Protein chains: 2
Amino acid sequence: MGWMTTTEGPARRRQVRAERAAVDKFEQRRAELASSALTTLADRGFANTSLRDIAENSPYSHGVVHYYFSDKLELMQHCIRQYKQDCVKHYDEILDTATTPKELREGFADAMVMTLRDETTLHRMWYDLRNQSMYTCELVGVIQEIDQLLEQMVWRVVSRYSELAESPSRMSSPVAYSLYDGLFLRALIDYLAGKPESAETLRRECAGLLAMLCP
Amino acid sequence: MGWMTTTEGPARRRQVRAERAAVDKFEQRRAELASSALTTLADRGFANTSLRDIAENSPYSHGVVHYYFSDKLELMQHCIRQYKQDCVKHYDEILDTATTPKELREGFADAMVMTLRDETTLHRMWYDLRNQSMYTCELVGVIQEIDQLLEQMVWRVVSRYSELAESPSRMSSPVAYSLYDGLFLRALIDYLAGKPESAETLRRECAGLLAMLCP
DNA sequence: CAAAAATCTTGTCAAGCGTCAAGATCTCTG
DNA sequence: CAGAGATCTTGACGCTTGACAAGATTTTTG
């Protein structure tokens, strides 16, 4: 046994390494294209994004898309999964650092406002894709994954707040998420409609809602 | 003076009537097309609806659209305004009939559930169009009109509830609307994803939120 | 280094889009 | 009823789309 048998000589090992490298490269290209797609989707919207647009925002030509993805839909799915990985990063560290209800309340509200300001178009895209999933059943699965992730994030905040405030939450996890989602979506729409003050409004509302959920 | 001068003889009056009839007919055709457009948008979505699709759901051929509308966008705008007229009808009568907090709470929750069940695709379309308005600034105006209408409707319910419960509301009008919108949108997504039980969940949540807003 | 495999570019295809214009058809007017 | 005007159909246009295939180019293999 061990790693030096007749069937696993140096040649074989080299081949394995090569295969792994090839796979990695393949996945890396897919990631690259998906990233270009995210950029494009963010500023042009699902309805107005063509595969050529996406390729133009990448180092490659339009034909390459079909080399790495079978379909426009498959690209979209990969796209959304990729978005998912970054979308709740900031929030968890707030949970760890906050030690008082007030701190958590304001930290969370801050984070929401930052998200609104710094990732405006990215979240516009999220809502656009989620809407698409109401028409395109192939997207339902991936969208649900992210929705779940976001719900869990909100719930971690709410239940931690409940701990710190020593008061039980008055709402279930899905409801808490729906409410915060409603607030954020409204703020986003207003923000994009040319009302920058909606950011500060969102801050107050987020903090207020948290206080309301655990009186 | 009066209506029988030399310039306003029978001929003139007939002409006026004809003109009015022509105008009415013109407006009626626009309404007819807008209605077909609403049907089409509701089941195919903004991204997948062409002017030919719309014409196919109408008694006319595709060319006629450009006889009554200068533009696809103008049709959309007319469309949305038309949707607006029906979208909050049911709710006001609940306000008039309810005499106790419980009655209002359950009446309102009922109405929301009915809307979810009976006008599923129509409201999917509403969210689709509202999303489009984040990319297409020509739509912002009309969308805001409806958003305002919906907000006012929610606010009438909340403040009436506050009266009946003899307890001041803890939330502003925009916040109340955002929260209910969040609940409804979530229920709609789940409902369309094949979870009919989300209707009953929505009922409980709507009633619960009202109770929470005015403790 | 040469053959083979992987990767990328380019050009093409049919289909569908919004828009428009010419002319058929219907309706009203004098 | 004849002519005029309003209304509607039909077919066409230039363009974009997702998809694909043939071949150029690069990378890997023996």
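Below, chains carry the letters A, B, ... as their sequence lines are ordered, and counting in each starts from 1. Quantities reported herein were computed from a predicted structural model and do not represent experimental measurements.
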Asker: In whole Å, what is the span from the OH atom of B/Tyr60 to the P atom of C/dA24?
Answerer: 22 Å
Asker: A side-chain contact here means heavy atoms from C-beta on lying under 4.5 Å apart; do A/Leu213 and B/Met212 qualify?
Answerer: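 In contact.
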Asker: Provide, to the nearest angstrom, the distance between the CD1 atom belonging to A/Ile54 and the C1' atom belonging to D/dT16.
Answerer: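 Rounded to the whole Å, the gap is 15 Å.
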Asker: Side chains of A/Asp24 and A/Gln28, heavy atoms from C-beta outward: is any pair under 4.5 Å?
Answerer: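 Answer no - side chains too far apart.
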Asker: Can you list every salt bridge (Lys or Arg N to Asp or Glu O under 4.0 Å) pair that touches residues 145-160 of chain A, not counting sequence neighbours?
Answerer: A/Arg81-A/Glu145, A/Lys84-A/Glu145, A/Asp92-A/Arg156, A/Arg130-A/Asp147, A/Asp147-B/Arg186, A/Arg160-A/Glu163
Asker: Can you list, in residue-number order, the parts of residues 65-74 of chain B that come under 4.0 Å of DNA chain D, counting heavy atoms only?
Answerer: B/Tyr67, B/Tyr68
Asker: Listed by chain and number, what are the ring pair (Phe, Tyr, Trp, His ring centres under 6.0 Å) partners of A/Tyr68, not counting sequence neighbours?
Answerer: A/Phe26
Asker: Taking NZ, NE, NH1 and NH2 as the nitrogens, is one of them in A/Arg30 or A/Glu74 under 4.0 Å from a carboxylate oxygen of the other?
Answerer: yes
Asker: With the side chain counted from C-beta on, respond yes when B/Ile189 and A/Ile143 share a heavy-atom pair under 4.5 Å apart, and no when they do not.
Answerer: no
Asker: Hey, does the side chain of A/Ser50 come within less than 4.0 Å of D/dT17's phosphate (OP1/OP2), counting only N and O?
Answerer: yes
Asker: Round to a whole Å and report the spacing from CZ of A/Arg29 to C1' of D/dT26.
Answerer: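 These atoms are roughly 11 Å apart.
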Asker: Which atoms of nucleotides 12-15 of chain C (N or O only) lie under 3.5 Å from a protein N or O atom, and what are those distances?
Answerer:
unit_1: C/dT12; atom_1: O4; unit_2: A/Arg52; atom_2: NH2; d: 3.2

Asker: Would you call B/Asp110 and B/Ile94 a side-chain contact if the rule is heavy atoms closer than 4.5 Å?
Answerer: no
Asker: Nearest whole angstrom, please: distance from the C1' of D/dC20 to the CG of A/Leu51.
Answerer: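 In whole Å, D/dC20 C1' lies 12 Å from A/Leu51 CG.
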Asker: Under 4.0 Å from any atom of DNA chain C, heavy atoms only: list the residues of residues 37-48 of chain A that qualify, in numerical order.
Answerer: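 Heavy-atom contacts with DNA chain C come from no residue of residues 37-48 of chain A; none.
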Asker: Please list, chain by chain and in numerical order, all residues satisfying ring pair (Phe, Tyr, Trp, His ring centres under 6.0 Å) with B/Tyr60, sequence neighbours excluded.
Answerer: none
Asker: Could you tell me how far apart B/Glu56 (CD) and C/dC17 (P) are, to the nearest whole angstrom?
Answerer: 9 Å
